[in-house]
Each structure stands twice: as C-alpha cells, then as structure tokens.
Amino acid sequence: HSFPTRRSSDLTVRAPCSSANIGPGFDVIGLALSMYLELKVSVDPSETTSLPLNCRITYEGEGAPDVPLDPEVNLITKVALYVLRCHGQRVFPKNTHVHVINPIPLGRGLGSSGSAVVSGVVLANEAGKLGLSKARILDYCLMVERHPDNIAATLYGGFVGTYLNELKPADVARLEIPVSEVLSNTGGVDTGLNPPEPPFNIGHFHKFKWAPEIRCIVVIPDFEVATAKAREVLPTSYTRPDIVFNLQRVALLPTALGESPPDPEFIYLSMQDKIHQPYRKTLIPGLTEILGSLSPKSHPGLLGTCLSGAGPTIMTLATDNFESIADHLITEFKKEGITCAWKLLDPAQDGTTVIYDA
C-alpha cells in the first residue's frame, strides 16, 4: 500500500478530483471522479540555475492567471515542503521542475484543494524518496486538509465512507495546530525547525461497491462558492427528525449505489438530504427548485441528484440520457442568469497514481 520507490527523476503524479457528501453523507462520503490534476516532475541536478528552494513551478489550466508560482506559496509545493521538512529535508532536490496541469475548476465543489494536497504529499514522498505508506500519506494529508471524505476518495479512489478516529489528548492538540502553522510561510527563511508531524491513523476509510452502470454528470456553474462560506450558512444544531432523516438514508445509500442493476427509486430516495443542501440555497440561486426539478419519472435514466461538496456544482447519477439531463439542469440555471459547463465522468477507482517515465 505504498508507492514503489524508483530512481527515475521524471514522473507524473495523477490525482483525481472528488465529490463529497453525495446527498445525506455530509462530511462522511466521498467519490473520486475521472478528472485529474497532473504534476509532471523532473529533476536535473546538472543544471546550474539557482532556484528558490530548488524548485521551479509552471502551470496550465484552471485559474492559471491567479495561481502563485512561488514554491513557498503554491499549495502543492507548500504541502510538499511541509512533508519534506518533517523528514529533515529543507528544500527540494536540486533543480526540481514541477509542471502542473489542472483541469479541475477551483472553488466549485469538486475537491480541487484536496487533489492539490494529496498530490503535494505524494510529490514530497517521491522527491524525498521517503517511502511513506498510503496510510501515512493519508495522515499527512489530513494534517493539512481536514476533510477525510475528499482526501480519502482522491488518494485511494472509488466511492468511500470515512471517519476521523478518536485521538489521545496529545494527538488532538497536534491536530488543532492551525494549518497556517503547519504550512508556515516564512518567505524563504528556513527556521531549521522541523514542523509538527501528524499523529498516526488520524482517519479511517472504507471503499464501497459501485454499480458499473452508474455514471456521473457534473454541471458546473460559472461562479465559485468558498467552502468556509458554505459552512458558515449551516446551523450549529439540528432537530432530531432532520438528523434521523439523514441517518436513515445514509445507512442505505452505499447499498443502493452498489447494487447492479441500479434501482432508480431506491437511489433517488436514498440521496435526499436535510442537513446541508437546504441551507446552501442562499449561496446558489434556485438550488432547491433545481434539485427538485428532476426525478427518475421525469427523466428516465436518472438515479439521483445532489450538490457536489459545498457546491455550486450539481452532480447527477444516471445510467442513460446524460445529455438531456445536463441540458435540463443548464436550462434551469439559465433561468437564474447563470451559465454552466458540464462533463460526464466516471468513478476514478485507482485514486492517486505515480507514473514513472521510462
């Protein structure tokens, strides 16, 4: 369960995006999807150029004009430096070039930051020849990004259920260190101190079955919703009926999505939610009406519809009629003056992979 160590310095890290929550599974369930953040990594010690922290970043794809290329500020390399410094390596190997290819829309509920964090830890593991197991990589990821549903889906792939383990008081204190201190931004000044390492076994996951007929339509509105803002609109307490409503459905959902052939009515009812989607309608115009405008009866082939992560992306599970379902959702958003793109994706069962160049 670890990435094999190789001497080759040219490699590609591929980390899939993810959709979290899947209806009633708020902060519990995640699904890796077949849209990948890629890092093309090369190391050339013979180059004489002096690079900050021995690293040069180039970037293409979503958000390119705004993504920082300073290795101490860019999320991927900042995470990698954190992991390297936990192992006594202050900088990247000499003349490391990281070319980032990112098709994952930022701030849309498709786990873009989770993919960046996972790829950053894996980059450190490869560049530093650390030999970390996937379980230990998960710990490092969760030290930075505290959403195990996105992280475990991206790292391990497929359809997963997750929880954070009960930790000893000393370990809890370590996890409560602000992420800004874990990912210190010292402007290139190396303090020489090793940052706080994560406890062991922070999170646990289980991979569920996924019926091979089920595909994923993601309709991506042309605006961002910050995760922090999407969490702010949630209440601090819930009524017992609403909690029971979600528990009843989340207990059935993994079975519903694993059975072949899929049962549309069973899945549709299992994907209902009262914990997060109703409260996020203030951030996503028309959300309640849009989610309620589709059913297996109105659109044959449809199984269920939900907000992807914190939104605004809508994910619909279906076995057929993908284009007509996507067109319907795009038309509904257009009524609110919002334009959308859409993609047809599949579960990324392999999770994050490292491909070594021959």
Checking side-chain contact (heavy atoms from CB on, under 4.5 Å) against I314, which of I220, L291, I217 comes through?
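Checked I220, L291, I217 against I314; only one passes side-chain contact (heavy atoms from CB on, under 4.5 Å): L291.
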Student check: side-chain heavy atoms of [X] and [Y] closer than 4.5 Å:
X	Y	value
M35	P105	yes
P285	F223	yes
Q277	C306	yes
L302	Y268	yes
I284	F333	yes
M271	L317	yes
D222	C340	no
N246	Q248	no

NZ or CZ of K207 within 45° of Y156 ring axis and under 6.0 Å:
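The answer is no, since K207 fails at least one limit relative to Y156.
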Could R249 and F245 be counted as a cation-pi pair, given that NZ or CZ must be under 6.0 Å from the ring centre and within 45° of the axis?
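Pair R249/F245 counts as cation-pi.
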Donor-acceptor under 3.5 Å ([X] side chain, [Y] main chain):
X	Y	value
N165	N201	yes
H328	H299	no
N21	G309	yes
N54	T96	no
S34	D346	yes
Q89	G128	yes
Y36	T352	no
S298	L294	no
S18	A32	no
N321	P300	yes

Examine [X] and [Y] and state if one hydrophobic cluster contains both, with Ile, Leu, Val, Met, Phe, Trp and Tyr joined whenever side-chain heavy atoms are less than 4.5 Å apart.
X	Y	answer
I267	V28	yes
L75	V100	yes
L287	V233	yes
F205	I151	yes
L81	L142	yes

Geometric class of the H87/Y140 ring pair [parallel <30°, tilted 30-60°, perpendicular >60°]
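It falls in the tilted class, 30° to 60°.
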Rounded distance [0.5 Å steps], [atom1] in [X] versus [atom2] in [Y]:
X	Y	atom1	atom2	result
T154	L138	OG1	CG	11.0 Å
N95	L51	CG	CG	5.0 Å
T319	R215	OG1	CZ	11.0 Å
Y82	T77	OH	OG1	15.5 Å
I275	F26	CD1	CZ	8.5 Å

Determine, stepwise, if the pair L69 / T58 fulfils side-chain contact (heavy atoms from CB on, under 4.5 Å).
CA-CA 7 Å; L69 302 181; T58 51; 6.0 Å; no
All side chain to side chain donor-acceptor pair (under 3.5 Å) counterparts of E60, not counting sequence neighbours:
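By the side chain to side chain donor-acceptor pair (under 3.5 Å) rule, E60 matches H99.
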Between E289 and K335, does the salt bridge (charged side-chain N to carboxylate O under 4.0 Å, His left out) criterion hold? Intermediate values first, please.
CA-CA 11 Å; E289 295 73 21; K335 292 176 188 172; over 6 Å; no
Test: [X] and [Y] ion pair at under 4.0 Å:
X	Y	answer
R85	E72	yes
E259	K209	no
K40	D357	no
K229	E232	no

After noting the C-alpha distance and the side-chain angles of L31 and M315, does the key distance pass the side-chain contact (heavy atoms from CB on, under 4.5 Å) rule?
CA-CA 11 Å; L31 175 67; M315 183 169 75; 4.1 Å; yes
Could you list who else is in L252's hydrophobic cluster, with ILVMFWY side chains joined at under 4.5 Å, directly or through other members?
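Its cluster mates, by chain and number, are F266.
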Side-chain donor-acceptor pair under 3.5 Å between Y356 and D10, yes or no?
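Looking only at side-chain atoms, D10 and Y356 do not form any donor-acceptor pair under 3.5 Å.
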What I want to check is whether the side chains of S308 and S19 have a donor and an acceptor closer together than 3.5 Å.
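On atom types as modelled, these side chains qualify, holding a pair under 3.5 Å.
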Per the side-chain hydrogen bond (donor to acceptor under 3.5 Å, both in side chains) rule, which among H147, R146, R231 passes with D27?
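Exactly one candidate clears the test, R231.
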Checking F92 against L84 for the side-chain contact (heavy atoms from CB on, under 4.5 Å) test, could you report, in this order, the C-alpha distance in whole Å, the side-chain angles of both residues, the deciding distance, and whether it holds?
CA-CA 8 Å; F92 285 94; L84 287 170; 4.0 Å; yes
For D327 and K334, what are the C-alpha separation, side-chain angles and deciding distance, and is it a salt bridge (charged side-chain N to carboxylate O under 4.0 Å, His left out)?
CA-CA 10 Å; D327 286 345; K334 205 172 272 180; over 6 Å; no
Under the side-chain contact (heavy atoms from CB on, under 4.5 Å) rule, what do I214 and F159 come out as? Steps first, then yes or no, please.
CA-CA 12 Å; I214 304 176; F159 178 40; over 6 Å; no
